[in-house]
Amino acid sequence: MRVERPEIIARATEHIPRMVALIQKLAEGGAAYQTEDGSWYFRLAAFPAYGKLSKKDLSGMQDGARVDLDEYEKDSARDFALWKAAKPGETFWETPIGRGRPGWHIECSAMAMEYLGDSFDLHAGGEDLMFPHHENEIAQSETATHKPFARHWMHVRFLLVDGRKMSKSEGNFFTLRDLLLKGYKASAIRLALVSVPYRHQLNFTFDGLAEATNAIDRLRTFHLRLTQGNFAAGSNPALQAAAQTAQSDYLAALSNDLNTAEARAPIFDLIRASNTAIDQGQLFRDDRDAILCVLASFDAVFDVIEDRDAEPTHRALEWAAQSGRLNEVAPELLARQALTDEAIDALVAERTAAKKHRNFSRADQIRNDLAQQGIVLEDSKDGVRWKRK
RNA sequence: GCAUCGGUGGCGAAGUGGCUAACGCGCAGGUCUGCAAAACCUGUAUACGCGGGUUCGAUCCCCGCCCGGUGCUCCA
């Protein structure tokens, strides 16, 4: 899917001392306490701002009668674990605060502070983590440092599939690999997923995928038209201005809480303006260069215009071959894979020759055959362009 | 039940207290083309869930209702 690798992949097991230090600091301030079994808990009463992220008001949630019996040792039912004492048979670390393993939340605080400092700009996560995990991270971090933890939180909403939660029992569960083997391009999946801003819920459907596929077609066709066309030297002031507007509107949309839906609009606006100009012979070399720059800037984030779809599909097919599941692969996909670029070029050349001799039936036959295999031909002043559907 | 997010044209989806409510996709007609494709133009008749309220004015603010998502126990 061409998602970038993080610069740092931190492992909790490699940061135990850091976590222990954090717990000790909390204990010194009276915000952490140890129970009889050796576990450490965070005292929620030590952090009055608790609940500020998920806007929960805990004042109405008194420690009730339904507290589990095994939690009797805690001062308050809502206090959460910082460190869990080792139980027989479990792996554990031998530390100054005892034998055991870290609680869920402390590892995130410790590692975030290790690499980003006590305060940092962005903390992201799924919407399900807002409460209690991120709330607990804030509580333990800010109590320890007396500084704001993350300045901004980005919570990604879960996607729906066909209007429902994706789950195996609903029968609407599939992996990226499944989609690739059905013949969908990686870029289409990518564009479909960002067609709704991260903050909004995305309903993932096959119609949506088909739509994204078509949108990518438009982007790529236009890109080809620019890179393969011949343009006269010079520039068109109106297009230069349009390119600049598109670029700044695009960046403004992304700056606006990563509004990916809004960010697409100026790019498509520019495409229409440019196509119109090309049709009228009013697009020149300098304009082409300026517009290609805008497209590159779009692709630096969205990464769908340049066609890199072959590799993920190949990998999926290899997997299918190795696990004996080629029979589950969409037949069109297999047919498409059979054609090499060279073979296509040869057929295109044969068709051009046939056209020259006004043998249109042979020319059309070649075009139709290729279309059957997912190759689309476009005649233009500057020669024949072809693309894989 | 409580909390929270959302319900915009045929579909997806931005956005705004008042100018013709972006953009994409689809469909129909037209221009171009040997025919197509691509591209462009035009259209898709009254698109802002329902009912109140605030306001000179609400799709946007407030209240209620309906529908959908998620959280509200543990574990990571």
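Per chain, numbering begins at 1; letters A, B, ... match sequence-line order. Because the structure is a prediction, the values reported are computed rather than measured.
- Of all non-hydrogen atoms in A:Lys147 and A:Asp118, the two that sit nearest each other are NZ-OD2, 3.0 Å.
- Using a 4.0 Å heavy-atom criterion, one finds that A:Pro266 contacts no nucleic acid atom at all.
- Considering only side-chain atoms of A:Arg225, the nucleotide from B:G12, B:C23, B:A39 that sits closest is B:A39.
- A close approach under 4.0 Å does not occur between any side-chain nitrogen or oxygen of A:Arg220 and OP1 or OP2 of B:A38.
- Here the side chain of A:Lys387 is nearest to one of B:A14, B:C23, B:A38, namely B:A38.
- A:Arg199 comes within 4.0 angstrom of no nucleic acid atom, judged by non-hydrogen atoms across all strands.
- For the pair A:Phe298 CZ and B:C23 P, the interatomic distance rounds to 15 Å; values are reported in whole Å.
- For A:Arg218 and B:C40, the shortest distance from a side-chain N or O to OP1 or OP2 is below 4.0 Å.
- Comparing B:C11, B:A76, B:A38 by their nearest atom to the side chain of A:Glu211 picks out B:C11.
- Residues A:Asp379 and A:Arg351 are paired through a salt bridge, judged by an N-O separation under 4.0 Å between the basic side chain and the carboxylate.
- Among the nucleotides B:A14, B:A76, B:C40, the one closest to any side-chain atom of A:Trp104 is B:A76.
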Exercise. Does the pair A:Met154 and A:His123 meet the rule for a side-chain contact (heavy atoms from CB on, under 4.5 Å), with working shown?
Worked result: CA-CA 6 Å; A:Met154 300 177 78; A:His123 189 137; over 6 Å; no
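- What separates CZ of A:Arg264 from P of B:G15 is a distance of 14 Å, to the nearest Å.
- The side chain of A:Phe268 lies closest to B:C23, out of B:C25, B:C23, B:G71.
- Residue A:His200 is in sugar-phosphate contact alone, with no base atom involved, counting any heavy-atom pair closer than 4.0 Å across all strands shown.
- Counting non-hydrogen atoms under 4.0 angstrom, A:Ala261 reaches a base of the nucleic acid.
- Side-chain proximity of A:Phe131 to the nucleotides B:G71, B:A39, B:C35 is greatest for B:G71.
- Which of B:C35, B:C40, B:G15 sits closest to the side chain of A:Asp364 comes down to B:C35.
- Checking B:A38, B:G71, B:G15 against the side-chain heavy atoms of A:Asp128 singles out B:G71 as nearest.
- The ring of A:Phe360 lies on top of the base of B:G34, close enough and flat enough: under 5.5 Å between centres, under 30° between planes.
- Rounded to whole Å, the distance from CD on A:Gln365 to P on B:G34 is 21 Å.
- B:A45 and B:A22: their C1' atoms are spaced 22 Å apart (whole Å).
- Nearest heavy-atom pair, A:Phe231 versus A:Arg285, reported as atom, atom and distance to 0.1 Å: O-NE, 2.8 Å.
- As rounded to the nearest Å, B:U54 and B:C19 have P atoms that lie 22 Å from one another.
- To the nearest whole angstrom, the two C1' atoms, one in B:G34 and one in B:C25, are 31 Å apart.
- Counting any heavy atom pair closer than 4.0 Å across all strands shown, A:Leu377 reaches a base atom.
- By the ring pair (Phe, Tyr, Trp, His ring centres under 6.0 Å) test, A:Phe298 is found to be paired with A:Tyr250, A:Phe302, residues two or more places apart in sequence or in another chain being considered.
- The side chain of A:His155 places no N or O atom within less than 4.0 Å of a non-bridging phosphate oxygen (OP1 or OP2) of B:C5.
- Note on A:Arg157: a base of the nucleic acid sits closer than 4.0 angstrom, heavy atoms only.
- Cation-pi geometry between A:Arg177 and A:Trp319 is met: the NZ or CZ atom falls under 6.0 Å from the ring centre, inside 45° of the normal.
- Backbone-only contact: A:Asn275 has heavy atoms under 4.0 Å from sugar-phosphate atoms and none from a base.
- When distances are taken from the side chain of A:Arg272 to each of B:G26, B:A38, B:G24, the shortest belongs to B:G24.
- The aromatic rings of A:Phe174 and A:Phe204 sit tilted, their planes meeting at an angle between 30° and 60°.
- Applying the 4.0 Å criterion to OP1 and OP2 of B:G69, one finds that A:Asn203 has every side-chain N and O outside that range.
- Salt bridge status for A:Arg157 with A:Asp128: absent, with no side-chain N to carboxylate O gap under 4.0 Å.
- Rounded to whole angstrom, the span from the CG atom of A:Leu129 across to the C1' atom of B:U4 amounts to 16 Å.
- Regarding A:Lys381, its NZ atom lies at a distance of 13 Å from the P atom of B:G34, rounded to whole Å.
- Between the C1' atoms of B:C48 and B:G7, the separation comes to 10 Å (whole Å).
- For the pair A:Lys84 and B:C75, the criterion of a side-chain N or O lying under 4.0 Å from OP1 or OP2 is met.
- Consecutive Watson-Crick or G-U pairing (both distances under 3.5 Å) extending over three or more pairs maps onto RNA chain B as B:1-7 with B:66-72, B:10-12 with B:23-25, B:26-31 with B:39-44, B:49-53 with B:61-65.
- At a threshold of 4.5 Å between non-hydrogen side-chain atoms, the residues A:Tyr184 and A:Leu176 do not count as touching.
- Atoms CD (A:Gln282) and P (B:C40) sit 16 Å apart, rounded to a whole Å.
- The base of B:G6 lies outside donor-acceptor range of the side chain of A:Gln201, with no N or O pair under 3.5 Å.
- When rounded to the nearest whole Å, the span between CG of A:Leu219 and C1' of B:C23 equals 12 Å.
- Within the nucleic acid shown, A:Lys165 comes within 4.0 Å of sugar-phosphate atoms alone, with no base atom in reach, counting heavy atoms only.
- Side chain A:Asp207 to base B:G12: no donor-acceptor pair is found below 3.5 Å.
- You'll find the side chain of A:Leu193 reaches within 4.5 Å of the side chain of A:Ile189, heavy atoms only.
- Distance A:Asp249 CG to B:A14 P: 17 Å, rounded to the nearest Å.
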